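Since the structure comes first, as structure tokens, the remarks are kept for the end.
Only a predicted model underlies this, so the values are computations on that prediction, with no experimental measurement involved. Residue numbering restarts at 1 for every chain, and letters A, B, ... go by the order of the sequence lines.
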2 protein chains.
Amino acid sequence: MELYHLRTFVAVAEEKHLTRAAERLFTSQPAISAHIKALEETLGVTLFDRTPKGMRLTAVGEEMLPRARQALAAANTFVQHAKGLQDELIGSVRIGLNSDARFLRLAALQAALADDYPRLEVAMLTGSTGTNLPALRVGKLDAAFVSGEIDDPSMSVCFLAEEPLVIAAPTGLREQIVSTEVEALAALPWVYTSPDCSHFRVMRVLFEAHCCEPTRILIANQEDALVEMVRAGVGLGIIRRGVLAPDDPQAYELPVALPAVPLQFAYLRKRENDPVIRALMQEVCAVWGVDAPREQVRDAG
Amino acid sequence: MELYHLRTFVAVAEEKHLTRAAERLFTSQPAISAHIKALEETLGVTLFDRTPKGMRLTAVGEEMLPRARQALAAANTFVQHAKGLQDELIGSVRIGLNSDARFLRLAALQAALADDYPRLEVAMLTGSTGTNLPALRVGKLDAAFVSGEIDDPSMSVCFLAEEPLVIAAPTGLREQIVSTEVEALAALPWVYTSPDCSHFRVMRVLFEAHCCEPTRILIANQEDALVEMVRAGVGLGIIRRGVLAPDDPQAYELPVALPAVPLQFAYLRKRENDPVIRALMQEVCAVWGVDAPREQVRDAG
DNA sequence: TCTTCGCCATCACAATTTCCGAAGGCGTGA
DNA sequence: TCACGCCTTCGGAAATTGTGATGGCGAAGA
């Protein structure tokens, strides 16, 4: 038995004529006749009395009719529920962070997501560019903020902003910094970022260009930890411009030109048409005032 | 959307594999795949995540699953209800009577019907052979007790018993009844049965055989009315043997041989396979201790 | 790192089901 | 008696559904 049997049953019961029921269902009268016959056979009961004036429900048919309507209503509820869900994102999404909440404008993103997709659970997970990328690859994250150029064909990235970097020095070392030449700076103690952080690359490029290597002192892979190290006088470090207050008594920015790194939003390319990803991208881009990437349909060409 | 889409949806959700769902539904894996794909398309939502390990419900799918089960359950209820009804007669049946309740053994019939078919509404409608037959033809009755030979090819009859008739005479006329010869009796006053009663035919045959005609006095088409007329001394009448008590002070049975008429149970031949008629016949025959007519299947030969 | 395995999507074609138009039976009303 | 409306049945056409083979894609194991 299929739903069309029930639809036909109800239509015939209401129209009282195969002919009219056929018109209503946009089909032919013999088709309707066959539906009723098949239904009666599978049920093992007679639903209609055939009279020269049309079809009249038997007592059994009368009793079956409301249950047929019920079954159809349940099926309809199923479909309607889907219609209500089809533009609504439900489930959860995990976003990897690589910096502090304010810089990443998380409050605005959270507000926008909660507003547009109230049933979407959003998890924002601290990490770094270096930990976010593998987490994306193995599916532990759905999208992530990353810094620096991403050279991974499986990854889609969306540029959000330039992240200007500066060298921060502790006030206690001010006297030892006689020059802002790289070679001179390299001789000073440094607080390293961990190798999986984009700042590390900037640092490496900087020193490699001058064929020197800094004195390693400590590795901090959390930006605030690094800042604290610098302020505690452990050594110099590379941080985002603006992290240090201009009047910070314990550390200050050196006037050295560093290449800016791009802040990007990354996700697996193969998920670029996933509605969750699309929605996320749209909200992130809106928050950052950039254009969202165009839809990538699979069969485009 | 049809029920098989829902069946497949639930099976896949439970088995978590297209392959296993296909086995469970005794079909092929591509068929299952097409069902899910079609369902997702008509609903406009994604129900499953395709993983290399199988199919995993999405959050939307998780939310749709119970509603799919509900719809299937409603459809199943529909079918099960029919199964419960298929041996149960419901509705109503109208039986025409042509005599008194005790003679027709209505108490026993009613008890048997109520016992075997508790949901069958039984209406027993007083009438006579003459009124029952046309009522059957126009569908005002479903079956009826009739007396005498029925000569109507559209009617099926089932013999129940012989109905012996007697001539009843009022005690007040005893002195005038010098002979039980028909010619002599014809000269006496008679209470006629109405022409649509089988007793009328018996009377007519009786007098025609002797080429005489009785004096008409009164017509009563209700047997008890006729008996009362006879007892009141209005005239002679034909009644069933045994209606008059042997010690009745007001009327007595004349020792005249009358042909017995058969009591029969009649219904429209075209309804002989109607379950209600079949059930009715079976019960009536059981009450009267006769064999029910064999099933008449249309394509028998 | 490479291979093998399991799983799902797709394709061309076959099988089945469904549908349609025509014809026929049947009862009704003119 | 005829014409009409209604349902059933029938053969063939059309659409849908199902099948087996094939390929892509990750994951698990060597």
Check the phosphate of [N] against [X], side-chain N and O only, distance under 4.0 Å to OP1 or OP2. Yes or no?
X	N	value
A:H35	C:dC19	yes
A:T19	D:dG5	no
B:T51	D:dG26	no
B:S33	C:dA9	yes
B:K53	D:dA28	yes
A:R50	D:dC6	no
A:K37	D:dT9	yes

Return the value, rounded to whole Å, for the distance between atom [atom1] of [X] and atom [atom2] of [N].
X	N	atom1	atom2	result
B:L268	C:dC26	CG	P	15 Å
B:Y4	D:dT17	OH	C1'	7 Å
A:Q29	C:dA22	CD	C1'	12 Å
A:I32	C:dC19	CD1	P	8 Å
B:D49	C:dA9	CG	P	11 Å
B:R56	D:dG26	CZ	C1'	13 Å

Fill in the blank from the handout: Residues at least two apart in sequence or cross-chain that pass ring pair (Phe, Tyr, Trp, His ring centres under 6.0 Å) with A:Y4, listed by chain then number, are A:H35
Practice task
Between C:dC7, D:dG18, C:dA9, spot the one nearest the side chain of B:L18, thanks.
Solution key: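 Side chain of B:L18 sits closest to C:dA9.
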Practice task
Please determine if B:E2 and A:R7 form a salt bridge, counting it only when a charged side-chain N lies under 4.0 Å from a carboxylate O.
Solution key: yes
